[in-house]
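Comments concern the structure below.
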Amino acid sequence: MKGSRFSEEQIVYAIRQAGSRVPVGHVCWQLGFAEQTFYAWKRGTRI
């Protein structure tokens, strides 16, 4: 399985940002990944 190019800290930061009412699309654009990746992380699946 391929490892993530994003660190654990970046993933946690993205999920917390979206939890604090920042739009998911904006968080994804800011950090440079797809919304599908975000929802996989939120679901607990590592890509």
Side-chain angles (χ1 to χ4, degrees):
M1 186 164 113
K2 184 179 172 186
S4 177
R5 68 180 195 150
F6 295 97
S7 70
E8 191 81 23
E9 292 83 21
Q10 289 173 311
I11 294 169
V12 170
Y13 173 78
I15 292 172
R16 285 189 179 157
Q17 282 289 86
S20 66
R21 301 222 181 233
V22 177
V24 171
H26 183 71
V27 173
C28 295
W29 173 77
Q30 224 179 5
L31 298 175
F33 54 85
E35 286 188 44
Q36 293 87 349
T37 302
F38 171 82
Y39 289 115
W41 289 341
K42 191 173 177 184
R43 192 173 57 244
T45 306
R46 295 287 307 256
I47 292 178

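Note: hydrogens, waters and symmetry copies are ignored here, and every other heavy atom, side chains too, is used.
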Query - Residues which pass ring-ring contact (aromatic ring centres under 6.0 Å, His included) with Phe38, listed by chain and number, not counting sequence neighbours - result: none

Query raised in the report: Ala14 and Phe33: which non-hydrogen atoms are nearest, and at how many Å?
Result: CB-CZ, 3.8 Å

Query raised in the report: What pair of heavy atoms forms the shortest contact from Arg5 to Gln10, and how long is it?
Result: O-OE1, 4.3 Å

Query raised in the report: According to a 4.5 Å side-chain heavy-atom criterion applied to Ile, Leu, Val, Met, Phe, Trp and Tyr, with indirect links allowed, do Trp29 and Ile15 form part of one hydrophobic cluster?
Result: no

Requested in this report: I would like to know whether Gln36 and Tyr39 meet side-chain contact (heavy atoms from CB on, under 4.5 Å); could you show each step before the answer?
Outcome: CA-CA 5 Å; Gln36 293 87 349; Tyr39 289 115; 6.0 Å; no

Report task. Write down the atom of Cys28, the atom of Ala34, and the distance for their closest heavy-atom approach. Result -> SG-O, 4.0 Å

Query raised in the report: Can a donor-acceptor pair be found between the side chains of Tyr13 and Glu9 at a distance below 3.5 Å?
Result: no

Query raised in the report: If you look at every heavy atom in Ala18 and Val27, which pair is closest and at what distance?
Result: N-CG2, 4.1 Å

Query raised in the report: In terms of hydrophobic clusters joined by side-chain contacts under 4.5 Å, are Leu31 and Val22 together?
Result: yes

